[in-house]
Amino acid sequence: MRRAFSLIETLIVAAIMALLAAVLLPALAGAREQSRRAACLGNLRQLALATGAYLDENRDYFWRYYVDVRAPRGRRWWFGFEPNGPAPSQRFRPLDKRQGALTRQMGSTDDGLQCPSFPYDDGLYFPKFAARSASYGYNLLLGPANPAWPTRRRADFRNRLSTVFTFADGIHFDHNPGFNEGHYLEYVEDPSAAGATGGFAHFRHRGRAQVLFMDGHAAARSPRGPAYSGRPPAGQAGNLADPSGGLGIYGHE
């Protein structure tokens with residue numbers, strides 16, 4: 001006689017498999033996020049080395065967030081050159097990443113400026129540029145775009161290098177639907193206010209944001225204070241803050 005599994009035996013096996021899946025899937029997801037977090041930290045360490053080399057070569061001055069140039073006409077963002085730009089509200093704008101502020105110091109910025117946990121595949125992502133550019137936000141206080149405001153020097157913060165950030169996990173909200181890459185970060189008075197826009201810290205690594213400080217060390221920070229009123233994918237958005245709740249992390253006195 002040929003033996004076969006009974007219905008009860010089949011159900012028991014299915015239940016065991018479901019139980020094993022329930023146990024293993026969170027562990028696999030945790031391992032995947034840990035791998036992404038490690039890759040993010042590696043990117044930030046490369047940014048730290050490139051930033052140090054740039055400052056050494058430029059009398060300690062930081063670069064501007066962007067500069068508009070006439071020949072050839074376009075906008076030189078810190079992460080690349082947009083010919084004939086900018087073109088607000090347009091998707092897939094051209095971008096030459098070989099002309100970023102740190103390209104020479106990094107050797108290549110093709111993948112080094114994208115955090116693997118940034119939600120590029122989300123349906124609300126608004127692709128400003130034809131190529132993924134930068135999901136790390138540059139501290140706008142260090143290199144303001146307005147030419148009337150001076151760029152800052154590393155020496156200005158000599159006693160606070162370990163507490164003022166240069167880059168951090170970022171996300172950006174403006175008039176476009178959805179969200180963009182977080183190319184810059186600046187303090188927003190009330191992120192929870194209706195219509196609040198700008199570059200926010202993005203706490204996408206299990207509720208924490210990776211932050212690169214001016215002395216070259218990177219650390220994970222939890223959100224503090226009110227959060228962005230919308231619901232960004234992959235984590236809360238808002239301001240960075242010192243452990244004490246102050247604004248010193250942005251470089252403010």
Side-chain angles (χ1 to χ4, degrees), residues 37 40-41 43-56 58-66 78-79 101-102 113 115 118 134-173 181-193 196-229 232 235-253:
R37 189 163 58 247
C40 179
L41 281 173
N43 289 344
L44 289 176
R45 291 190 181 105
Q46 290 301 312
L47 274 170
L49 294 174
T51 297
Y54 179 95
L55 296 176
D56 290 342
N58 290 274
R59 298 182 299 146
D60 227 25
Y61 281 97
F62 284 92
W63 56 92
R64 289 197 181 277
Y65 173 55
Y66 69 75
W78 73 264
F79 47 83
L102 300 175
L113 299 180
C115 169
F118 188 83
S135 58
Y136 299 115
Y138 177 46
N139 184 350
L140 197 61
L141 181 137
L142 304 178
N146 189 334
W149 300 341
T151 56
R152 305 298 297 272
R153 301 183 71 222
R154 178 171 49 185
D156 296 340
F157 307 93
R158 62 169 58 90
N159 297 323
R160 298 189 290 155
L161 297 179
S162 63
T163 58
V164 177
F165 83 96
T166 308
F167 290 100
D169 287 334
I171 192 168
H172 188 269
F173 301 92
E181 291 174 292
H183 298 135
Y184 74 87
L185 266 69
E186 67 176 340
Y187 178 76
V188 178
E189 186 67 32
D190 184 6
S192 65
T197 61
F200 298 88
H202 190 199
F203 302 91
R204 54 181 172 249
H205 292 283
R206 291 199 164 189
R208 308 182 82 186
Q210 305 280 23
V211 182
L212 176 65
F213 292 88
M214 292 178 64
D215 67 348
H217 88 278
R221 286 296 179 90
S222 299
R224 288 176 177 270
Y228 176 69
S229 58
Q236 182 176 314
N239 290 318
L240 293 172
D242 298 324
S244 63
L247 300 180
I249 194 170
Y250 285 86
H252 297 283
E253 298 292 343

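Scanning for side-chain hydrogen bond (donor to acceptor under 3.5 Å, both in side chains) contacts around N43 gives Y136, with sequence neighbours left out. In terms of the side-chain hydrogen bond (donor to acceptor under 3.5 Å, both in side chains) criterion, S162 has no residue partners (sequence neighbours excluded).
Here the side chain of E181 pairs a donor or acceptor atom with the backbone of A134 at under 3.5 angstrom. Judged purely by atom type and a 3.5 angstrom limit, D156 has no side-chain atom pairing as donor or acceptor with the backbone of R152. Side chain of R221 to main chain of A241: a donor-acceptor pair is present (N/O by atom type, distance under 3.5 Å, no hydrogens or angles). Not a single donor-acceptor pair under 3.5 Å links the side chain of R153 to the backbone N or O of Y61. In this structure, the side chain of R206 does not engage the main chain of G235 through any donor-acceptor pair within 3.5 Å. Under a 3.5 Å cut-off, the side chain of W149 and the backbone N or O of L141 do not form any donor-acceptor pair. Between the side chain of N58 and the backbone N or O of D60 there is no donor-acceptor pair closer than 3.5 Å.
Classified by interplanar angle (parallel below 30°, tilted 30° to 60°, perpendicular above 60°), the ring pair H202/F118 is perpendicular. A perpendicular orientation is assigned to the rings of F165 and Y250, their planes being inclined by more than 60° (bins at 30° and 60°).
Two residues are said to be in side-chain contact when any heavy atoms from C-beta on lie closer than 4.5 Å; C115 and H205 meet this criterion. By the 4.5 Å heavy-atom criterion applied to side chains, C40 and R45 are not counted as neighbours. At a threshold of 4.5 Å between non-hydrogen side-chain atoms, the residues Y187 and E189 count as touching. Between F200 and P232 there is no side-chain heavy-atom pair separated by less than 4.5 Å. Residues N239 and P191 are in side-chain contact: their nearest non-hydrogen atoms beyond the backbone lie under 4.5 Å apart. Considering only heavy atoms from C-beta on, T166 comes within 4.5 Å of L142 through its side chain. Two residues are said to be in side-chain contact when any heavy atoms from C-beta on lie closer than 4.5 Å; Y228 and I171 fail this criterion. Looking at M214 and F62, their side chains come closer than 4.5 Å, going by heavy atoms from C-beta outward.
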Walk me through whether W78 and Y66 qualify under ring pair (Phe, Tyr, Trp, His ring centres under 6.0 Å). CA-CA 6 Å; W78 73 264; Y66 69 75; over 10 Å; no
(Q) If you apply the rule ring pair (Phe, Tyr, Trp, His ring centres under 6.0 Å), what do you find for Y138 with Y184, and how did you get there? (A) CA-CA 4 Å; Y138 177 46; Y184 74 87; 9.6 Å; no
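Salt bridge annotation for R37-D169: absent, with no cationic side-chain nitrogen under 4.0 angstrom from a carboxylate oxygen.
For R208 and F203, the positive end is not near the middle of the six-membered ring at less than 6.0 Å and at most 45° from its axis.
One finds the CG atom of L140 at 13.0 Å from the NE2 atom of H183 (value rounded to the nearest 0.5 Å).
Considering every non-hydrogen atom in both Q236 and P223, the closest pair reads NE2-CB, 3.4 Å. Contact between F157 and V164 at its shortest, heavy atoms only, is CD2-CG2, 4.1 Å. What you find for N139 and I249 is that their closest heavy atoms are ND2-O, 4.2 Å.
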